[in-house]
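The next block holds one structure in the form of structure tokens; read it before the comments.
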Amino acid sequence: MFKKKYYNALIIGSNFGYNSHFKALKKINIFNIDISSPNIKNKNIKDKKIRKFSNYKDALKKNQYHIITFAVPPKIQEKIIKYIINKKISVKYLFFEKLYSTDIKFLNRSFNYFIKKNILINLNFIFPKITHWKTLVKLLKNENVKFVKYRWFFKQAFFTNLQKTWKIDPKKGGGLYYYYLIHLIYNLITLFKKIEILDLVKSSNNKYKLIDYLFVKLLCGKKIPCEIEISNNSINNIHQLKIETKKNTIELISKSKNWTNKFMIRKNMRTKTKFDNKSSNERYMLTLRNIKELLNYKSTSEKQYLHKLSTIITSHKITKKISMKNNQKIKH
């Protein structure tokens with residue numbers, strides 16, 4: 001499907017970039033793979049064929065890439081995107097772990113630039129790529145959905161220990177909203193096309209004034225009542241999408257500490273599909289599926305691709321609105 005000689009790749013970020021993006025790119029026979037990171041010389045990268053750059057600007061000046069993947073914090077991504085736009089860097093595909101800005105206006109401008117320059121992009125939203133997601137979609141195809149409940153509970157050390165990382169700072173694209181909640185919003189839009197916020201029912205902070213629990217009421221699709229409950233400070237681990245229809249109750253559920261493994265599907269409290277294959281849901285395999293989707297965009301319709309961009313932007317807008325509503329509620 002992918003002709004080896006036509007693809008040169010640059011991975012920006014050497015930790016997750018090497019452990020996940022590199023593995024995924026190797027699976028589809030990308031011809032040349034370069035990695036850029038300020039501390040690249042200190043990294044234990046064993047593959048001698050990889051060219052290493054301590055500055056992404058040097059890599060972009062010296063080489064032309066078909067695909068650039070980003071495994072760095074959103075603010076760094078935003079800086080690089082501005083450089084690519086300002087310098088009119090030629091590239092075919094851009095692949096992001098997280099959306100590269102919390103500024104909706106800049107996102108819209110940059111998306112319009114990418115469309116104009118025929119640069120295709122994708123974001124690594126992983127849950128719709130787990131093996132049971134397609135089964136869930138098939139089960140819902142002829143169902144009349146009446147109510148949706150989405151829960152994601154876990155404990156994350158960098159929140160509870162207040163580690164110095166962008167991952168807990170919403171201004172840098174982290175925090176409960178942009179690092180976690182946006183996934184649930186994206187998943188619901190993928191299933192039901194539309195989302196409308198009804199009410200921010202409840203939220204709470206930990207001792208560091210960081211949001212660690214949210215309960216939000218929404219309308220999904222054609223006015224379907226929907227509730228989201230999410231916590232990054234829970235003693236229990238559960239990722240559960242529970243959908244009540246006119247005739248059935250269908251659940252996609254996992255209680256594993258590993259976020260992408262051990263999902264199962266239940267129908268009316270009976271196991272419909274047992275635990276999925278662990279290896280098929282390793283993080284790099286889900287990343288691989290999203291990269292393949294990106295490289296296949298050229299064979300899909302423009303309408304489908306623009307719908308994908310719209311889903312990404314809408315997910316961000318809804319997440320931002322919930323964040324703003326909660327901040328207003330806290331102030332009052």
Side-chain angles (χ1 to χ4, degrees), residues 125-156 176 180-203 213-283 285-286 289-290 293 307 311 314-315 318-319 322:
F125 285 110
I126 56 173
F127 293 112
K129 299 302 179 187
I130 64 173
T131 52
H132 284 352
W133 188 268
K134 286 184 179 179
T135 304
L136 175 69
V137 172
K138 288 179 181 178
L139 286 174
L140 293 174
K141 190 172 183 181
N142 297 315
E143 294 279 358
N144 186 356
V145 178
K146 295 296 184 181
F147 179 73
V148 179
K149 177 78 173 184
Y150 205 162
R151 294 193 297 159
W152 193 10
F153 291 173
F154 55 93
K155 185 180 283 289
Q156 185 50 268
L176 186 65
Y180 298 101
L181 176 64
I182 193 170
H183 285 274
L184 306 193
I185 299 296
Y186 179 86
N187 296 347
L188 289 173
I189 295 174
T190 299
L191 282 177
F192 300 107
K193 311 304 179 188
K194 296 179 182 179
I195 281 188
E196 177 185 343
I197 303 169
L198 278 182
D199 188 22
L200 183 72
V201 179
K202 187 178 180 181
S203 68
Y213 175 81
L214 280 173
F215 179 29
V216 185
K217 286 188 175 181
L218 308 154
L219 288 177
C220 294
K222 296 180 180 179
K223 305 298 182 182
I224 302 166
C226 176
E227 295 177 354
I228 285 180
E229 210 174 357
I230 182 170
S231 173
N232 55 33
N233 191 20
S234 171
I235 59 173
N236 299 312
N237 289 287
I238 185 167
H239 191 139
Q240 179 192 38
L241 178 55
K242 185 176 182 180
I243 301 171
E244 294 180 9
T245 74
K246 193 173 181 178
K247 296 180 179 179
N248 301 295
T249 298
I250 300 167
E251 295 174 87
L252 177 68
I253 183 170
S254 171
K255 295 183 179 180
S256 172
K257 289 184 179 180
N258 185 322
W259 293 344
T260 63
N261 285 329
K262 292 191 175 180
F263 275 93
M264 62 185 292
I265 289 179
R266 294 193 300 211
K267 188 172 181 180
N268 299 326
M269 296 304 293
R270 295 181 179 180
T271 301
K272 178 75 175 176
T273 308
K274 294 183 179 180
F275 291 151
D276 43 16
N277 186 319
K278 181 179 178 181
S279 62
S280 68
N281 276 352
E282 287 185 26
R283 188 67 185 272
M285 287 297 293
L286 303 179
R289 289 165 200 162
N290 273 323
E293 180 181 84
H307 175 73
T311 302
T314 302
S315 302
I318 295 292
T319 304
I322 292 172

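We count residues from 1, following the sequence as given.
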Rounded to the nearest 0.5 Å, what separation is found between the [atom1] atom of [X] and the [atom2] atom of [Y]?
{"X": "F154", "Y": "S256", "atom1": "CZ", "atom2": "OG", "answer": "13.5 Å"}
{"X": "L252", "Y": "K272", "atom1": "CG", "atom2": "NZ", "answer": "14.5 Å"}
{"X": "T319", "Y": "L181", "atom1": "OG1", "atom2": "CG", "answer": "5.0 Å"}
{"X": "K134", "Y": "K138", "atom1": "NZ", "atom2": "NZ", "answer": "7.5 Å"}
{"X": "N258", "Y": "H239", "atom1": "CG", "atom2": "NE2", "answer": "12.5 Å"}
{"X": "W152", "Y": "I228", "atom1": "CH2", "atom2": "CD1", "answer": "11.0 Å"}

Show the nearest heavy-atom pair for residues [X] and [Y], with the distance to one decimal.
{"X": "T131", "Y": "T135", "result": "O-OG1, 4.3 Å"}
{"X": "L286", "Y": "K129", "result": "CD2-O, 3.3 Å"}
{"X": "R151", "Y": "I238", "result": "NH2-CD1, 3.3 Å"}
{"X": "E282", "Y": "N261", "result": "N-OD1, 4.3 Å"}
{"X": "I265", "Y": "H132", "result": "CD1-O, 3.4 Å"}

Quiz item: Going through the checks in order, is the side-chain contact (heavy atoms from CB on, under 4.5 Å) test met by K217 and E227?
Solution: CA-CA 5 Å; K217 286 188 175 181; E227 295 177 354; 3.9 Å; yes
Test side-chain hydrogen bond (donor to acceptor under 3.5 Å, both in side chains) applied to E143 - qualifying residues, sequence neighbours left out:
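Applying side-chain hydrogen bond (donor to acceptor under 3.5 Å, both in side chains) to E143 gives T245, N248.
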### Task
Mind checking side-chain hydrogen bond (donor to acceptor under 3.5 Å, both in side chains) for Y180 and listing every partner two or more places apart, or none if nothing turns up?
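Scan of Y180 (side-chain hydrogen bond (donor to acceptor under 3.5 Å, both in side chains), adjacent residues dropped) gives Q156.
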Next on the checklist: Any salt bridge linking K242 with E251? Criterion: basic side-chain nitrogen under 4.0 Å from a carboxylate oxygen.
Outcome noted: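 Result for this pair is no, no salt bridge flagged.
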Quick test of your reading of the model: are E229 and K149 salt-bridged, counting only N-O distances below 4.0 Å?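 The answer is yes: the pair qualifies as a salt bridge.
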CA sep, side-chain torsions, deciding dist, call: Y213, L176, side-chain contact (heavy atoms from CB on, under 4.5 Å): CA-CA 8 Å; Y213 175 81; L176 186 65; 5.8 Å; no
Check for a donor-acceptor pair, side chain of N281 on one end and backbone N or O of T260 on the other, with a separation under 3.5 Å.
yes
Next item on the list: Using atom types as modelled and distance alone, determine if a side-chain donor or acceptor of N237 lies under 3.5 Å from a backbone N or O of K255.
Entry: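 No.
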Checklist entry - Do N233 and K155 get their side chains close enough for a donor-acceptor pair, meaning under 3.5 Å? => result yes
I253 and F263, any side-chain heavy atoms less than 4.5 Å apart =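 No, every pair of side-chain atoms sits at 4.5 Å or beyond.
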Please output the side-chain donor-acceptor pairs of residues 183-197 that fall under 3.5 Å, not counting sequence neighbours, one pair per line with the distance.
unit_1: H183; atom_1: NE2; unit_2: K98; atom_2: NZ; d: 3.2
unit_1: Y186; atom_1: OH; unit_2: K308; atom_2: NZ; d: 2.6
unit_1: N187; atom_1: ND2; unit_2: Y150; atom_2: OH; d: 2.8
unit_1: N187; atom_1: ND2; unit_2: H183; atom_2: O; d: 3.2
unit_1: T190; atom_1: OG1; unit_2: Y186; atom_2: O; d: 2.8
unit_1: E196; atom_1: OE1; unit_2: K223; atom_2: NZ; d: 3.0

- prompt: Which is it for L198 and L218 under the side-chain contact (heavy atoms from CB on, under 4.5 Å) test, yes or no, and what are the steps along the way?
  reply: CA-CA 5 Å; L198 278 182; L218 308 154; 5.8 Å; no
